[in-house]
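Written out below as structure tokens is the structure these notes cover.
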Amino acid sequence: MSFMQDNQWRVKVGLAEMLKGGVIMDVTNAEQARIAEQAGACAVMALERVPADIRKEGGVARMAAPKIIREIMATVSIPVMAKVRIGHFAEAQVLQALEVDFIDESEVLTPADDANHVWKHDFRVPFVCGARNLGEALRRIAEGAAMIRTKGEAGSGNIVEAVRHMRTIISQMRTLTTRRSDELVHDSKELGAPLELVRWVAENGKLPVPNFSAGGIATPADAALVMQLGAETVFVGSGVFKSSDPAVRARAIVKATTHFNDPKVVLEASEELGEAMKGLDIRQLDEKELLQTRGW
Amino acid sequence: MVAQMKIGILAVQGDFDAHAAVIARLGAEPVLVRVPADLAGVEGIILPGGESTTQLHFLKEEGLKDALEKFAARGGAFFGTCAGAILLAREVRNPAQESLGFADLVVARNAYGRQLSSHVRFGPCKLKAEPLEMVFIRAPIIEQQGSGVEVLAEAEGHPVLVRQGRVLVATFHPELTGDTTVHEYFLKLVRNGDRTAL
């Protein structure tokens, strides 16, 4: 697509490239950000409450307070990301004015628009968006997302949805590489995604932006699992700071993400860990409790 | 057929895949380096972009720092981009952090500012007649360089591509452009060592 040659687009995707092979951790204050950086996180995500607490406490979840984000930015030298509600372009404008390094238009917060996402090409700050399947991923990229993360089910401590979403996207991409040009028009219609992007994926066998994994990663082995399935980096939300030993667990997940193909290192990282977050059985959740169905 | 030259790419975190693609395109064999044993048979090493704080953890805790120091002592060639430049510097500022010190440079991290200051520019470079495309992403700035350091390109009054013996340092990302000039020069450096001319 024409925007893929723009310099603004290239530096956005460029930052996403730099985050590969690492762990991006949710933090709610400067102290947690410091712990994350010291554990080897390649970026932190500032938010008001971690997904597990949003789920428990309910209410409207919004962009974090600028003061907290500022404190986090002043505390760590790694990139700082922050979340906005789906479609809330004014929150995104505020975060750009604050000069955060990346914006996550996230289903974890309460959506502000029930039909539209932010038109991300209008921004100079790069965006990451969640996706459950290829069509959703390509619609977000068409709107200007410079990074895709599978949604998983945030705050659940359960990896099953992250696995489902990563497998779905990877297998849909694999299928596209086997299709004829005339069939791709049909695929574009079925996926609800622009033909140009569908053709790009068919030719290259991957997304035009880095593809990360999120939503339910709680252990080093969880990180190794999604990396082996094709994730290029992992986001850990509640998994670190809802465990009994945040600093040690954070370090262990960082280690397992780099050495995802080396079970001995993943074993080493898994030893001497305290309790992981408790976690939820997704099948016991009501449809309306799911965060992953937010986003259009 | 001549055996392919093996180029190690530090793959603990960062854009190592982008470097590997360029190396493969130039006919050398990229080897992803995550543990010291991966360095076997490697003739030159690339330290990619990424987060230097994260990469430093792995270097210090998993024996890679020692292994890279031994490689340097044997006269091995290095090429660092962005975070790699920070790791190779003698001194790091903003904030201060440990480094390998293979290049006589003082480097300030994130010195242009945050992501909003990331940019693409074309500028003169001694490696080619036409301007070189340079992608800067949360880039560091080389604040001082020793007398043994040769400046190959400058931007806004600061060196952005330098060479000291077998060590090549870029504060930008040649691996994110279609131009392979800088990587080709590194392969020459690996082959010819200190005698490499421009």
Side-chain angles (χ1 to χ4, degrees), chain A residues 5-25 36-44 73 75-81 95-103 123-127 146 206 210 232-233 250-251 254-255 257-262 264-265 268, chain B residues 9-19 32 34-35 37-38 48-62 64 81-84 86 92-97 108-110 113-122 133-140 172-173 175-178:
Chain A
Q5 270 74 51
D6 290 350
N7 285 344
Q8 179 173 285
W9 169 258
R10 290 171 61 209
V11 295
K12 287 175 173 178
V13 177
L15 180 57
E17 292 284 337
M18 296 310 142
L19 300 173
K20 281 185 176 176
V23 181
I24 300 164
M25 296 182 198
E37 181 175 53
Q38 283 179 355
C42 65
V44 289
M73 288 165 61
T75 303
V76 296
S77 62
I78 55 179
V80 175
M81 305 183 164
L95 289 185
Q96 176 161 285
L98 198 54
E99 298 198 13
V100 301
D101 297 296
F102 233 105
I103 296 175
F123 289 79
R124 290 166 52 231
V125 172
F127 275 72
K206 57 176 190 161
E232 294 175 300
T233 278
R251 183 78 201 105
V254 167
K255 206 167 169 173
T257 301
T258 289
H259 298 289
F260 67 93
N261 262 331
D262 188 341
K264 276 190 194 146
V265 180
E268 219 177 275
Chain B
I9 302 164
L10 184 69
V12 294
Q13 193 277 318
D15 74 332
F16 45 86
D17 279 336
H19 278 286
L32 297 185
R34 294 193 168 95
V35 294
D38 294 334
E51 282 310 310
S52 61
T53 52
T54 305
Q55 296 171 351
L56 199 57
H57 267 288
F58 284 96
L59 294 191
K60 280 161 50 183
E61 289 175 20
E62 301 184 7
L64 277 166
T81 61
C82 196
I86 295 165
V92 180
R93 296 176 178 167
N94 189 38
Q97 67 185 37
R109 292 181 58 205
N110 300 326
R114 307 192 69 94
Q115 171 63 10
L116 283 179
S117 305
S118 294
H119 61 281
V120 180
R121 68 160 72 220
F122 281 86
E133 185 176 29
M134 308 177 210
V135 180
F136 292 89
I137 294 177
R138 285 175 48 97
F172 57 94
H173 294 281
E175 75 279 11
L176 295 184
T177 68

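What you are looking at is a predicted structure, and each value in this text was computed from that prediction instead of being measured. Lettering follows sequence order; numbering is per chain, from 1.
Between chain A and the options B/Asp15, B/Leu176, B/Thr177, B/Leu116, the largest number of non-hydrogen pairs under 4.5 Å is found for B/Leu116. Counting heavy-atom pairs under 4.5 Å between each of B/Gln97, B/Arg109, B/Gln55 and chain A puts B/Arg109 at the top. Contacts with chain B were tallied for A/Ser77, A/Gly21, A/Gly14; A/Ser77 has the most, counting heavy-atom pairs under 4.5 Å. When each of B/Pro95, B/Gly49, B/Gly50, B/Gly113 is checked for heavy-atom pairs under 4.5 Å with chain A, B/Gly50 comes out on top. Taking A/Ala43, A/Ala41, A/Gly22, A/Cys42 one by one and counting their heavy-atom pairs under 4.5 Å with chain B, the maximum is reached by A/Cys42.
Both the backbone and the side chain of A/Val254 come within less than 4.5 Å of a heavy atom of chain B. With a 4.5 angstrom heavy-atom cutoff, B/Glu62 touches chain A only via side-chain atoms. Neither the backbone nor the side chain of A/Ala16 comes within contact range of chain B; no heavy atoms are under 4.5 Å apart. Contact annotation for B/Glu61: only side-chain heavy atoms (C-beta onward) come within less than 4.5 Å of a heavy atom of chain A. Proximity to chain B (any heavy atom under 4.5 Å) is restricted, for A/Gln38, to the backbone atoms N, CA, C and O. Only the side chain of B/Thr53 has a heavy atom closer than 4.5 Å to any heavy atom of chain A. Only the backbone of B/Ala11 comes within contact range of chain A, with heavy atoms under 4.5 Å apart. Using a 4.5 Å cut-off between heavy atoms, B/Val135 touches chain A through its side chain atoms alone. Residue contact with chain B, scored on non-hydrogen atoms closer than 4.5 Å, is absent for A/Phe123. Looking at A/Val80, both its backbone and its side chain come within 4.5 Å of chain B, counting heavy atoms on both sides. In this structure, the portions of A/Pro79 lying under 4.5 Å from any heavy atom of chain B include both its backbone and its side chain.
A 4.5 Å side-chain heavy-atom check between B/Val35 and A/His259 finds at least one atom pair inside the cut-off.
Note that the CD atom of A/Glu17 and the CZ atom of B/Phe16 stand 10.5 Å from one another [nearest 0.5 Å]. B/Ile137 CD1 to A/Met18 CE: the interatomic distance, rounded to the nearest 0.5 Å, is 4.5 Å. Taking CD1 of A/Ile78 as the reference point, atom CD of B/Glu51 lies at 6.5 Å (rounded to 0.5 Å). Here the straight-line distance linking atom OG of B/Ser117 with atom CD of A/Glu99 works out to 6.5 Å at 0.5 Å rounding. Between the CE atom of A/Met73 and the CZ atom of B/Arg114 there is a distance of 3.5 Å, given to the nearest 0.5 Å. Atoms NE2 and CZ, on B/His173 and A/Arg10 in that order, are 12.0 Å from each other to the nearest 0.5 Å.
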Please evaluate residues A/Gln8 and B/His119 with respect to the criterion side chain to side chain donor-acceptor pair (under 3.5 Å), reporting the C-alpha separation (whole Å), side-chain torsions for both, the decisive distance (0.1 Å), and the verdict.
CA-CA 7 Å; A/Gln8 179 173 285; B/His119 61 281; over 6 Å; no

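In terms of modelled atom types and a separation under 3.5 Å, the side chain of B/Ser118 and the main chain of A/Val11 share no donor-acceptor contact.
A donor atom on one side chain and an acceptor atom on the other are not found under 3.5 Å apart for A/Thr258 and B/Arg34.
Ion pairing between B/Arg138 and A/Asp101 holds under the 4.0 Å rule for side-chain N and carboxylate O.
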